[in-house]
Amino acid sequence: MSAAKTSPADEKAPAKKPDHVFLIDGSGYIFRAFHALPPLTRPDGTPVNAVLGFTNMLLKLVSDTDAEYIAVLFDTARKNYRNDIFPDYKAHRPPPPPELIPQFALIREATKACNVPQLEMEGFEADDLIATYARQAAEAGAQVTIVSSDKDLMQLIGPQVSMLDPIKNRPIGPAEVEEKFGVGPDKVVEVQALAGDSSDNVPGVPGIGVKTAAELIKTYGSLEELLARAGEIKQPKRREALQQNAELARISRRLVLLKNDVPVKQPFTAFARREPDAALLIPFLEENQFRSVLARVQGQFAKKSAGDAAVADGSGKGHAAAKQAAASAKPTGEAAYELVMTEAELARWVAAAREKGAVAFDTETTSIDPMQASLVGFSLAIETGRACYVPVGHRGGPPQGQLDLGGDGEGGLLPNQIPLAKALALIKPLLEDPSVLKIGQNIKYDMTIMAAHDIAIAPYDDTMLISYVLAGGAHGHGMDELSELHLNHRTIHYEEVAGTGKAQVTFDRVPLDKALAYAAEDADVTLRLHQVLKPQMLAERLATVYETIDRPLVPVVMAMERAGVRLDRKVLQDLSADFAARLIELEKQIHKLAGHEFNIGSPKQLGEVMFDEMGLGGGKKGKTGAYATGADVLEELAAQGHDLPARVLDWRQLSKLKSTYTDSLQEQINARTGRVHTSFALAATSTGRLSSTDPNLQNIPIRTEEGRKIRRAFVAEKGWVLLSVDYSQIELRLAAHMAEVPQLKEAFREGIDIHAMTASQVFGVPVKGMDPMVRRRAKAINFGIIYGISAFGLAAQLGIPQGEARAYIDAYFKRYPEILGYMDRTKKFARDHGYVLTLFGRRCHVPGILDKNPARRSFMERAAINAPLQGTAADIIKRAMIRVPAALADAKLQARMLLQVHDELLFEVPKAEAKDTAALVKKVMERACAPALELDVPLVAETGTADNWADAH
DNA sequence: CCGATCACG
DNA sequence: GACGTACGTGATCGGA
């Protein structure tokens, strides 16, 4: 012990960090590992898959954690005190499978071999022991980690107690509990008492599941409160179930409530951590033939015995041994990732990738915006677990805000990296090699980065897009989510290497070891996702959508993003100034009308001013209890002659236009290009549409005159003009085709005014001299059809009573019964399959179509009705977009495609080519279905040309 | 970080 | 008949 350690100064050091206690749920792990891991037997035939999983897990936990106390807790016999409360508790559990039985004893042996304390007690479950020690340790001020994924333990989570899922290696916190139970850890017991648990035979209240239970507990706070006030429940069935089964619920609560005062013989301090002992561990591993673990453990023991003074040898035999150990272990996270620092090494990786014919590729950069990003490094993966990272732009540690004196100081490039130009020269032939498939995750990003260095990636696959065609609408398609879903692997998250919030650094400041672990894993995971998802896509017969629509769209959209759109900054500046002045004036008037100043932008304050202070008619709304102050409410009040809401409507409009558009668009102009580059998301929507972000250029105002002024700021470069081409009524045309409505199809073929015709046929009035109000009603119904019409929605849209809306809808369906048939067929298809289809075969998933809650179910039914229409329209415009570049090139036209706004394409065209380009694009768009599909209705695209976007419409 | 609001198709 | 609504997005703001 050094002198410093005993110095008085040290004794006055800040309070030591709280003790950390690890409580491992041994019994829970056995069952889960047994089912999660493939069968595995010792040479003598003894099954050991759960034992191996357990041993791996325990050794990893012990080596990764800083815990001072560690214990594994086990169940004993199957009967315990809960059977006295409820004899059927866990009664229907089948006996454990025969292959599992010998593993119970072996796992206790493994625990002993790992030198970790263990405990079991007659009459109690492991969960009760964990609850008891967790309480004890927390009261002593310690931090507790419960290693288990058992939902029954989630009730213990709190400020000092957390959980860790040992198989997914993922923390379970209040958020995960909330996701599972709909309530926080403190209310889990109440929810379980109501919902019961079929696997443990906890009865609960019949007819109440987790969702309903969470809802009830959120409202009433506790089981007892709920039972006391059960009479208030509106739904008769639910009310009766609660009243009749109150006692069953109370028993259930006692069953799920863990006993945290088991009379344990020893305190948690008896579980002081002990390091693995070679004399115990190695014989055990040999006996069970756990060779990969053995190799790893021997390496660790060897390293330790080599002495602390010796410098670890990272090359030679040790390296090879580590690689060998990793090859047989779980694919990622082990040591087969390589940092490439020389051209020769990179050349070897490139050659190996060529040999394979496929390589996963990923870039690391300084920004999530590829138009502002610089390349920092790239990673390659050529087989599972075999990946490398090639740094080309890493810099010294984080900038200290001090002067960088030395030339090679903190801010300069790290030495020994391959020079960027050399690395690019080596990688370009691979990325452009037509015989090597490049696999990316959101490859449009990497393509954009490499395009800036004059490298075109082809051929390619994109795991994000493959996932999207497989599961669009079912879940997200980010790499982290896909990895957990398909590989059961939690990736290193960007925040974990680059930090978070203010302390976040750009990737060029991430140390090389961390960068390697993160970047190589990304490529590795991408490759493994491809191995899982591509066969699935082929088996599910979804390859056509991917190969004919989503994949070829990637370079097209990339080119649009890179082209960007020109903005006239002066127009925006002047508008901002104009809006600012008018906002100040409106503010004054509004405050005067209110009698005092308040924040007009706060719906809460506005509601209080209008409804509490001024006494305007209107009511509370919504879950939050705040007044509704939406535009519809304000319009109603304004129509009654109230001045303040009318002014607020003006204020809201100008304030929105200024903050969302005139101010922020100016800031989005790229300094390098002088243009605005949006990012189109290819896998974001549930219907197949694109979306646009940073900035969103798909919601630039047009509907009001003030808004249109903003579109005037979207301009073409000198000598060029903007060309807008948009589909006319595409979704309604598709509805006519898909529902096979003869009159509607006929009307579209004749090119007549569809809304007027609908009005005429539904309301029985002649088209000639029609009241515009009648046509407006028909138009609203037609829109409603596309949205999965409801009387409520139509009534709200038209401002008429619901009964009247109902009558319109009935009249419509009577006239066009095919539409009703289409809607019923679509709903049935969605219920049977969980998704609906576009005409091109894209699946749009509608999770929740079978939801027991009628509101949510109706919601999903309307979405199911809408998705084939919206989604087919999306497929069609995507097909057109893919064909446009080649059509332009063939015609030797220079036009650039800039934006897509769902049914519109915007181009920048040399003035002299405007007419030809318009005709060409119109043709491509109108024929976009062919040859895959022939519609019974014509598609019509309309063109407009001007020097700004507003006038091009 | 979520809900309300509002811009677009 | 319950439930609570038109379909699909993204950005901004206020307020916990």
Side-chain angles (χ1 to χ4, degrees), chain A residues 175 215 233-238 472-473 598-607 621-634 648-649 652-661 663-665 668 678-681 684-704 706-708 710-711 726-727 729-731 735 780-798 802 805 809 844 846 851-871 873-874 877 899-904:
Chain A
E215 208 181 298
I233 304 228
K234 275 181 258 162
Q235 302 91 330
K237 265 179 109 174
R238 197 176 284 178
F598 69 100
N599 187 344
I600 305 166
S602 161
K604 184 169 179 274
Q605 293 181 33
L606 176 64
K621 263 288 135 14
K623 306 110 201 181
T624 52
Y627 289 114
T629 68
D632 48 348
V633 177
L634 298 189
V648 171
L649 280 168
R652 283 234 180 113
Q653 187 193 21
L654 293 184
S655 159
K656 176 88 171 184
L657 294 178
K658 182 169 185 292
S659 69
T660 310
Y661 301 103
D663 286 353
S664 74
L665 278 177
Q668 301 270 5
T678 184
S679 174
F680 287 105
T685 70
S686 60
T687 55
R689 273 191 178 179
L690 305 185
S691 76
S692 160
T693 58
D694 307 305
N696 182 352
L697 295 186
Q698 290 182 320
N699 70 346
I700 301 303
I702 189 167
R703 291 173 185 169
T704 67
E706 292 305 318
R708 286 180 76 88
I710 291 164
R711 284 209 174 202
D726 68 298
Y727 283 113
Q729 317 260 27
I730 185 166
E731 289 181 17
I781 298 174
N782 280 334
F783 266 96
I785 295 303
I786 292 164
Y787 295 154
I789 200 153
S790 73
F792 181 94
L794 184 64
Q797 179 64 35
L798 288 174
Q802 237 185 93
I809 294 171
C844 306
V846 275
D851 201 309
K852 284 203 290 291
N853 179 321
R856 280 196 289 269
R857 191 173 59 245
S858 309
F859 186 76
M860 294 319 296
E861 285 174 351
R862 290 194 296 272
I865 290 166
N866 172 258
L869 301 167
Q870 194 181 110
I877 196 168
L899 298 176
Q900 187 250 47
V901 193
H902 312 308
D903 63 358
E904 170 191 6

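Protein chains get the first letters and strands the later ones, always in sequence-line order, with residue 1 at the start of each. Here the structure is a predicted model, which means the values were calculated and not measured.
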(request) Remember a base hit wins even if backbone is also touched, and classify Asp903(A) as base, sugar-phosphate or nothing at under 4.0 Å, heavy atoms. (result) sugar-phosphate
(request) Identify whether any heavy atom of Ala780(A) sits under 4.0 Å from a base atom; if not, whether one sits that close to sugar-phosphate; answer base, sugar-phosphate or nothing. (result) base
(message) Wobble G-U and Watson-Crick pairs count when both distances are under 3.5 Å; given that, what is the 5' to 3' dot-bracket string of DNA chain C, with | for pairing to other strands?
(response) ......|||||||||.
(request) Report, as a single string ordered 5' to 3', how protein heavy atoms within less than 4.0 Å touch nucleotides 9-16 of chain C: B base, S sugar-phosphate only, - not at all. (result) SBBSSSSS
(request) Pick base, sugar-phosphate or nothing for Ile786(A), based on heavy-atom distances below 4.0 Å to the nucleic acid. (result) nothing
(request) Between Arg856(A) and Phe859(A), name the one whose nearest nucleotide on DNA chain C is closer to the 5' end. (result) Arg856(A)
(message) Side chains of Gln698(A) and Ser691(A) only: does a donor on one sit below 3.5 Å from an acceptor on the other?
(response) no
(message) The side chain of Ala855(A) is closest to which nucleotide in this list: dC7(C), dC8(B), dG4(C)?
(response) dG4(C)
(request) Examine the side chains of Gln870(A) and Thr687(A) and answer whether a donor and an acceptor come within less than 3.5 Å of each other. (result) yes
(request) Determine whether His902(A) and Leu690(A) make a side-chain contact, defined as any pair of heavy atoms from C-beta on separated by less than 4.5 Å. (result) no
(message) The criterion is side chain to side chain donor-acceptor pair (under 3.5 Å); which residues satisfy it with Tyr627(A), sequence neighbours excluded?
(response) Asp612(A)
(message) According to ring pair (Phe, Tyr, Trp, His ring centres under 6.0 Å), who are the partners of Phe783(A), at least two apart in sequence or on a separate chain?
(response) none
(message) For dC3(C) and Arg857(A) - does any side-chain N or O of the residue sit under 4.0 Å from the phosphate oxygens OP1/OP2?
(response) no
(request) Could you list the residues that satisfy side-chain contact (heavy atoms from CB on, under 4.5 Å) with Asp663(A), not counting sequence neighbours? (result) Ser576(A), Lys658(A)
(request) Examine the base of dG9(B) for any acceptor or donor lying under 3.5 Å from a partner atom in the side chain of Arg703(A), and report the outcome as yes or no. (result) yes
(message) Side-chain N or O of Gln797(A) versus OP1/OP2 of dT5(C): is the shortest distance under 4.0 Å?
(response) no
(request) Please list, chain by chain and in numerical order, all residues satisfying side chain to side chain donor-acceptor pair (under 3.5 Å) with Asn699(A), sequence neighbours excluded. (result) Tyr661(A)
(request) Apply salt bridge (charged side-chain N to carboxylate O under 4.0 Å, His left out) to Glu215(A) and Arg856(A), showing your working. (result) CA-CA 14 Å; Glu215(A) 208 181 298; Arg856(A) 280 196 289 269; 5.0 Å; no
